[in-house]
Amino acid sequence: MSEITYRTIDENMPEVLRVRREKLFKLQDDGRNPFEIEKYDVTAFSVGIKENFEEYEGKEVSLAGRIMAKRRMGKASFIDLQDRDGRIQVYVRKDEIGEEEYSYFITYDIGDIVGIKGDVFKSKTGEVTIKAHSVLLMSKSLQVLPEKFHGLTDTEIRYRQRYVDTIVNPEVKEVFLKRTQIIKGIREFMDGRGFLEVETPILDTIAGGAAARPFITHHNTLDIDMYMRIANELFLKRLIVGGFDRVYEMGHMFRNEGMDPKHNPEYTAIEMYQAYADYNDMMELTESLVEYLCVKVNGTTKINYQGTDIDFKTPWKRATMVEMVRDYAGVDFDKILTDEEAIAVCKERGIEDAEKMNRGKAIAAFFEEYCEDHLEQPIFITQHPVEISPLAKRNPKDPAMTNRFEAFANGWEIANAFSELNDPIDQKLRFLDQLKEREAGDDEAHMMDEDFVNAIEVGLPPTGGLGVGVDRVIMLLTNQPSIRDIILFPTMKPLDKGGVNAAANAKMKAALAEQAKIKLDLSKLKIEPLFEDMIDFDTFSKSDFRIVKVKDCEAVKKSKKLLKFVLDDGSDEDRVILSGIHEYYEPEELIGKTCVAITNLEPRMMMGIESRGMLISAVYEYDGAEGLNLLMVDDSIPAGAKLY
């Protein structure tokens, strides 16, 4: 195996990537290595300039960003520069930045990162533009950016390569800016309510605070297995015992469970606890928080989520779990009082694992099966069975139920809260019941936490506790269909080497197809009027239009405009044609292209070289500058094919 060096190029590398590396190596050989640049002073940003044009007009600004579009018009070019805030047009003229700098500039590619210094003005079409005095290449992009990701397969690539997704899809970046707004808003709200933000362990020897399957890791020094937290509840309640009356923590939780549009193994949640409060106070806290966030990011309490109108205006509706089951399933558990009766009705309705049910679990199973999907508008579902609420305080009027609620919107649970159980004897008995379920095979049942029991034996005041699924709230407020759309780097199954290559090749083909299409703003376009004089068909048919292949191309010495083409026209003899398009194309980028030429024009001498024919180009005016595109067609068309 040969040694791999800095300039080694994989023989299987696509030609377009090979060309980019060769451009980089030439820059480095010329003493213009972009990767040596460490700093660039930025004085303004795109959106600020456009929104405050009167303030910036005629003034010099310094911007930095990525080239996202490029339109070469001879001695001048337009690029779209994308910076932190958005895009702005930049006008680059050869006579402004100098011939040598312009010769380098025209080799820059979409995706390259540049610094621009120039004056702010409006183009002939009224677009706010920067007239560049200097262009500095600061990072050479060695990959090809697609114009737009689309389709199911590309959605997978979007999640795997979020860094590309946020470059080419500004609306995706906007979602994550809103996510940051929401996270900040949660802290503002909680701090404003007098809560103290704290930090608790992510690794522990017990996975407690929820019924979920944990991730297990190993601590080498201590030689013990540890769990990544599934909830931070028990530590926060310890702090309430310790005299911190209002605490919250927002951070990542980890659950080794299934993945779907609402679940990612690593997700963001917030839990908060307030001494001397109950679950009714937590209801008010929940609805007020979500209403506050909705107004903060959307300006209103109303949203449309994937076609469903939802209003988070407080107060939200309240209903008990038993009431919901009666309304939507037609089963009244106020009249079903024993486990045997509950099992019978579960069997009758085909509820899964009916034999393992008791009355409390049956109520929860019916609610999940028959009710959740109907809960589009925000609602609190209260009074949960004690069997599924091992950390909640019992309802004194009905000890089979707990003073607990779950908040729902769009059929999703978005929050869970209760009046916290502070009876240490009851708590230990519930832990023991959970241990029995673990021994029976339920690996999501709660573990025994003796230290937590000890903490509440010291004395836990009456406390209201609340957990909010931050990611689900963000999904709703940003109208995103999947949790992966609001997590920057969601959990993904690794691809094998072949899968990585296949995905990369698919992306490359799509990217090249899109980049081949130069998108023009038609409002800036001006074309020459159609000829009014008519010619007869016989006159037209005397022009011999043929497909030609570019075998070689080079600049004509002592000419700034002419390129010399050596062409295969389908005959046995090479054809030489000179064309004045050097202001628009570099010769090396045209070698191998398939073009159209008139081949029966009288030969003429140009710069001492005989030119036999004319290559066909399209000309137009764009934003006051002349544009030209050499007509290039599908490479599968053979040389010499005649055009009719």
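Positions are given from 1 along the sequence.
A heavy-atom distance below 4.5 Å is not found between the side chains of Leu293 and Glu291. Within the 4.5 Å cutoff, side-chain heavy atoms of Arg394 are placed close to those of Val386. Here the side chains of Ile483 and Arg472 are not in contact, with every heavy-atom distance at 4.5 Å or above. The closest side-chain heavy-atom distance from Val325 to Cys371 is below 4.5 Å. Contact annotation: the side chain of Phe408 never approaches that of Ile414 to less than 4.5 Å [non-hydrogen atoms, C-beta and beyond]. For the pair Thr491 and Arg484, the minimum side-chain heavy-atom distance is 4.5 Å or more. Between Glu156 and Met492 the shortest side-chain heavy-atom distance falls below 4.5 Å. Looking only at side-chain heavy atoms (C-beta outward), Pro490 and Asn264 come within less than 4.5 Å of each other.
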Quiz: residues 359-366 side-chain donor-acceptor pairs under 3.5 angstrom, not counting sequence neighbours:
unit_1: Arg359; atom_1: NE; unit_2: Ile336; atom_2: O; d: 2.5
unit_1: Arg359; atom_1: NH2; unit_2: Phe333; atom_2: O; d: 2.8
unit_1: Lys361; atom_1: NZ; unit_2: Glu437; atom_2: OE1; d: 3.3

Donor-acceptor pairs under 3.5 angstrom involving side-chain atoms of residues 451-464: please list them, not counting sequence neighbours.
unit_1: Asp451; atom_1: OD2; unit_2: Arg238; atom_2: NE; d: 2.9
unit_1: Asp451; atom_1: OD2; unit_2: Arg238; atom_2: NH2; d: 3.0
unit_1: Thr463; atom_1: OG1; unit_2: Pro461; atom_2: O; d: 2.7

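Looking at residues two or more places apart in sequence or on another chain, you find a ring pair (Phe, Tyr, Trp, His ring centres under 6.0 Å) between Tyr328 and His374. Remark: Arg255 pairs with no residue by the salt bridge (charged side-chain N to carboxylate O under 4.0 Å, His left out) rule, at least two apart or across chains. Contacts of Phe380 classified as ring pair (Phe, Tyr, Trp, His ring centres under 6.0 Å), with partners at least two apart in sequence or in another chain: Trp316, Phe405. Among residues two or more places apart in sequence or in another chain, the salt bridge (charged side-chain N to carboxylate O under 4.0 Å, His left out) test is passed with Lys262 by none. Checked against salt bridge (charged side-chain N to carboxylate O under 4.0 Å, His left out), Glu369 has no partners two or more places apart in sequence or in another chain. For Arg160, the salt bridge (charged side-chain N to carboxylate O under 4.0 Å, His left out) test picks out no residue, with sequence neighbours left out.
Salt-bridge formation is detected for the pair Arg193/Glu284: a Lys NZ or Arg NE/NH1/NH2 atom is positioned less than 4.0 Å from an Asp or Glu carboxylate oxygen. A salt bridge is defined here as a Lys NZ or Arg NE, NH1 or NH2 lying under 4.0 Å from an Asp or Glu carboxylate O, and Glu287 with Lys313 fails to meet this definition. We find that Arg318 and Glu323 are not joined by a salt bridge, their nearest charged nitrogen and carboxylate oxygen being 4.0 Å or further apart. Ion pairing of Arg66 with Asp83 is absent here, as no side-chain N (NZ or NE/NH1/NH2) approaches a carboxylate O to less than 4.0 Å. Salt bridge Arg162/Asp165: present, at least one basic N to carboxylate O contact under 4.0 Å.
Residue Ile425 places its CD1 atom among 12 or fewer non-hydrogen atoms of other residues, nucleotides or ligands, all under 6.0 Å distant. Within a 6.0 Å radius of CD in Glu188, more than 12 heavy atoms belonging to other residues, nucleotides or ligands are found.
Counting all heavy atoms, side chain and backbone alike, Leu236 lies closest to Val247 at O-CG2, 3.9 Å. Met282 and Ala417 make their closest contact through CB-CB, 3.9 Å (heavy atoms, listed as atom of the first residue, atom of the second, distance). Residues Gly111 and Leu145 approach most closely at CA-CD1, 3.7 Å, considering heavy atoms. Counting all heavy atoms, side chain and backbone alike, Lys140 lies closest to Asp112 at NZ-OD2, 2.9 Å. Among all heavy-atom pairs drawn from Met321 and Gln383, the shortest one is CB-O, 3.8 Å.
Here Thr286 contributes atom OG1 and Glu406 contributes atom CD; the two are 11.5 Å apart, rounded to the nearest 0.5 Å. Atoms OG1 and CZ, on Thr402 and Arg430 in that order, are 7.0 Å from each other to the nearest 0.5 Å.
For residues 182-215, the set of pairs meeting the ring pair (Phe, Tyr, Trp, His ring centres under 6.0 Å) definition, not counting sequence neighbours, comprises Phe189-Tyr292. Among residues at least two apart or in separate chains, there is no ring pair (Phe, Tyr, Trp, His ring centres under 6.0 Å) pair with a member in residues 222-279. Applying the side-chain hydrogen bond (donor to acceptor under 3.5 Å, both in side chains) test to pairs two or more places apart or on separate chains, those with a residue in residues 416-425 are Lys237-Glu420, Lys393-Asn422, Arg404-Asn416. The salt bridge (charged side-chain N to carboxylate O under 4.0 Å, His left out) contacts involving residues 202-219 comprise Arg213-Asp443, where partners must be two or more places apart or lie in separate chains.
None of Asp309, Val295, Ile310, Asp311 except one satisfies the side chain to side chain contact (heavy atoms under 4.5 Å, CB included) rule with Lys302; the exception is Asp311.
When atom types are taken as modelled, the side chain of Asp398 and the backbone of Ala400 share a donor-acceptor pair closer than 3.5 angstrom.
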